[in-house]
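To find a chain, count down the sequence lines: A is the first, B the second, and so on, and within it residues start at 1.
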2 protein chains.
Amino acid sequence: MRSTADDLTTRARIRDAAIGLFGREGFSRATVRAVASLAGVSPGLVIHHFGSKAGLREACDQHVLAQTATQGREKADPGSTGRLIQDYLNNPDQYTEEIAYIRRSLGDESDAGDAFFDAVVKQCQDIIHTGIEAGTIRKFDDIRSVAVVIASNSLAVLMLGRHLSRSLGVPAPEPNGIAPDLLRQLTLPLLEIYTHGFYSDPRFLNAAREALEENNANNGREHAP
Amino acid sequence: MRSTADDLTTRARIRDAAIGLFGREGFSRATVRAVASLAGVSPGLVIHHFGSKAGLREACDQHVLAQTATQGREKADPGSTGRLIQDYLNNPDQYTEEIAYIRRSLGDESDAGDAFFDAVVKQCQDIIHTGIEAGTIRKFDDIRSVAVVIASNSLAVLMLGRHLSRSLGVPAPEPNGIAPDLLRQLTLPLLEIYTHGFYSDPRFLNAAREALEENNANNGREHAP
DNA sequence: ATTCGCATTGAACAAGTGTTTAGCGTATGA
DNA sequence: TCATACGCTAAACACTTGTTCAATGCGAAT
């Protein structure tokens, strides 16, 4: 997908170097000088091409996230998610930089991160709608909230990949990277929960329902002195 | 729990100011000068008390995380989780700074963040064991992995709280804060999934099982040229 | 009362930061 | 052929960063 060699514009080379470094170090720790040296150019040239460090970041945001989000929205047919994951499992190295960058964008508050998260939620929502029609997904009252929960659970792997790897003893090729083996090990437990549930009976669900209703009632009273 | 006024040691006041700022801005963006001014002291005094910025961070780590992790491990009887959440719902403002700090620690790579994550996993594991014995939680083959998944899903709320609030339109009192209303809105969807599942039949689970076995077989071959 | 120790400050330092500027070379179009 | 524009660099600038240091004040111990 990405041209590996230096057949790129200098501008593009700088941008790619920045994407890598921003993902690895975070926006504030990554310096213009480091980006420049990584791209094999002078610091001045970075500014010349992007106006400022913030401008460079915007260019990176647009290149990684806008693209990824659009991509995800286009292939929003539910079957493609499996294909997408399969694609990642087959050649994960190609996506590591993008993934690291997205992780940083979701953590930092940035418009690009917001857009990406919203795109994921929208995709989940579409999948749920289609799944309910097809009868493969249970009917939910509040589809929107369920979509957000599913998105949150899914992106957790991205945000906490480092800890998941560490905790399960799955070696990660690089810090914060998500090894294919990690995904493989997490798939079945997650799908078991998603299929048969985690609790064995509706006790907790009912208890929570009651507690929430009671809490709502209390809330009404709390606002009076 | 925390003394609100200035009846604290100067050292403690600096540390608390740092915890707040580190949580809000992140470790690298928060400057020694900003911490000092927030605590109403000179920058030199910060260094005098903690040796260096890294030393200050270590002190904060120890105060917030080590404490929290230990606390969690001690009250590891499964019922206490509900009480802990209830406690948070009743007075959330008291914990916002700690939560922000923990979020930063989990995102940044730090020993303190590692310890916290491990503590959460361990607590999940204990809960699952106890729950299985009591018959409230389904029997799982790979309890360890399930614990990691549950921990990951739970901490996702912490890591992505900002996006969850935004996406659901629940106003958050401060950026990256987790409003009680948000938790309330997420509880039922999550518990529904955890109780009745997300998929309506084991189709996806079985498909994944087959795909993984096939993939494993392929993996064996892939290592040969 | 004097000395000691410690909390505390203000100013300074050295390194690193993003950014500016002047100038170099080279290709392109007139 | 010349001029123009542009990619690009080296050096410098202004500022922020973490940290140091000498000096001050103050409370407690002798």
Can you list the residues that meet the side-chain contact (heavy atoms from CB on, under 4.5 Å) rule with B/Arg144, with sequence neighbours excluded?
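Result, side-chain contact (heavy atoms from CB on, under 4.5 Å) vs B/Arg144: A/Ser167, A/Leu168, B/Val121, B/Gln125, B/Asp142, B/Val148.
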Who pairs with B/Ala18 by side-chain contact (heavy atoms from CB on, under 4.5 Å), at least two apart in sequence or on another chain?
B/Phe22, B/Val35, B/Leu56, B/Cys60
May I have all residue pairs that pass salt bridge (Lys or Arg N to Asp or Glu O under 4.0 Å) and include part of residues 25-35 of chain A, sequence neighbours excluded?
A/Arg29-B/Asp108
Test the B/Lys53-B/Phe27 pair against the cation-pi criterion, namely NZ or CZ under 6.0 angstrom from the six-membered ring centroid and within 45° of the ring axis.
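Because its charged atom sits under 6.0 Å from the ring centre and within 45° of the axis, B/Lys53 does stack over B/Phe27.
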Are any of the side-chain heavy atoms of B/Val64 and B/Phe116 separated by less than 4.5 Å?
no
Contact letters for nucleotides 14-21 of chain D, in which S counts primed atoms plus P, OP1 and OP2 and B counts the base, heavy atoms under 4.0 Å:
---BBBB-
Below 4.0 Å from chain B heavy atoms, what is the first contacting nucleotide of DNA chain C and what is the last?
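That gives a stretch of C/dA7 to C/dA12.
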First locate atom CZ of A/Arg103, then atom CG of A/Leu160, and finally report the distance between them rounded to the nearest 0.5 Å.
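The distance works out to 9.0 Å.
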Report the residues that fulfil side chain to side chain donor-acceptor pair (under 3.5 Å) with B/Arg15, sequence neighbours left out, ordered by chain and then residue number.
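So B/Arg15 forms a side chain to side chain donor-acceptor pair (under 3.5 Å) with B/His63.
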